[in-house]
Amino acid sequence: MSSSYQSVSRYFEDAVDRMGLSANMQKLLLTPEREIKVQVAVERDNGEIATFIGFRMQHDSARGPMKGGLRFHHEVDADEVLALATLMTWKTAIVNIPYGGAKGGIAVNVRELSHGELERVTRKFVDEIHDMIGPHKDIPAPDMGTNAQVMAWIMNQYQKFHGFNPACVTGKPVELHGAEGREEATGRGVAQLTIATLEKRQLDPVGTTVALQGFGNVGSYAARFLAERGLKIVAVTDAFGGVTTSNGLDIDALCEHVARTGKVVDFADAESITNEELLASEVDVLIPAALGNVITAENVDDVRANIIIEAANNPTTPEADEILARREILVLPDVLANAGGVTVSYFEWVQNCQHFKWELSRVRKELDKIMLSAFEKVWEIAEAKHVSLRTAAYLLGIGRVGRATVLGGL
Ligand code: GLU
């Protein structure tokens, strides 16, 4: 299997092949501006020293300050973070918000850290990179393994060096310069575009069956919004296993169960299901909302859904993607499907810069507008050029970044 960076480069190449971009321009657009790798050494609660490796990959700033999440996960490495940074560049361009792309991460298993250790790891990481990030340089946000509390520590630590600066990070707690609706934003966008996709296919959302891999921030909010619109979530898995019932899961009750036990397994009135079984479920819509590289050449033949909505970043390998296209399974790509999070991050940053607060209703309205207009644009390109939605999204994103690069000059 190709590495994550090879995968996203391959998607890039598939698109630029149709654009007539010169080889020099391709190289410029694909080469990251800066790759940061730092030591994150902290004292553990028992007095021992623990050393982790932290990354911040700054891919492109042609359209504005670089933007992207911070992932704390034991599988984080330079290749993956760079791949995700590249995806952020296309993602911000596709939804047309004034940012470039970056991503960060620390190779650490957060489940093995105490609250205090997590705080020390976060602050130490900021100590190492604070000069290279900032509200007009590069703005971190939550991703897998991080949350609003971690963002609050980042803001606080950054401010020790640079003074009051809430716009230096997004995804903060609402009580501490965060935006209403940021937490739900990615899931809301995923649900919104799932419904838009069904409508394009003239399918009724009510009763449409869904299998969902991942029940963290993105998966759980997507499930709530989809259930609200009458879709039937028949299977859900997380890192520990999963549950299924043909009647559709009661999502509010499942959220309560997860809040209580930390897992979806053992949820009442449902049978258990593995992650592999979930990917092979007989459903209308499959939503991977967890790790990358889960739909691969090895398991793609098992997929039985007609529509895949990529809520996770980079869930499908290029080999699998080709097979899905041949089988005429519709894939709504990550760079569009999960762009709701960074879009509301943008609203948070705007509010912080203006020292002005929006109400939830305004956040939702503006989010829906941006997501649906990007969706329509991508759909239009796909139809006009007879390409997949992924290639269409890349054509749109790369085109915008390319034009900004040329207009700005070197
Ligand atoms: N981590 C999210 C993503 O992959 C959000 C990034 C952000 O808000 O900057 O899009």
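First listed ligand is number 1; within each ligand, the first listed atom is number 1. This structure is a prediction, so every number in the text was calculated from the model and none was measured.
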| query | Knowing that exactly one of Lys365, Glu348, Arg364, Gln351 qualifies, which makes a side chain to side chain contact (heavy atoms under 4.5 Å, CB included) with Trp358? | reply | Gln351

| message | Please check if the number of heavy atoms outside Lys357 that lie under 6.0 Å from its NZ is greater than 12. | response | yes

| field | Plane angle bin for Phe125 and Phe72 - parallel if under 30°, tilted between 30 and 60°, otherwise perpendicular | value | perpendicular

| How would you list, by chain and number, every residue that makes a ring-ring contact (aromatic ring centres under 6.0 Å, His included) with Phe375, sequence neighbours excluded? | Trp379

Anything under 3.5 Å between a donor and an acceptor, one on a side chain of residues 300-310, the other on a protein residue two or more places apart or in another chain? List them.
unit_1, atom_1, unit_2, atom_2, d
Arg304, NE, Ala280, O, 3.0
Arg304, NH1, Glu282, OE1, 2.8
Arg304, NH2, Ala280, O, 3.1
Glu310, OE1, Asp334, N, 2.9
Glu310, OE1, Arg390, NH1, 3.0
Glu310, OE2, Thr316, OG1, 2.5
Glu310, OE2, Arg390, NH2, 2.9

| request: Check each protein residue for a heavy atom under 4.0 Å from ligand 1 and list those that pass, ordered by chain and number. | output: Lys67, Gly68, Gly69, Met88, Lys91, Lys103, Ala141, Pro142, Asp143, Arg182, Asn313, Gly341, Val342, Ser345

| Partner residues of His115 under the ring-ring contact (aromatic ring centres under 6.0 Å, His included) criterion, sequence neighbours left out | Trp153

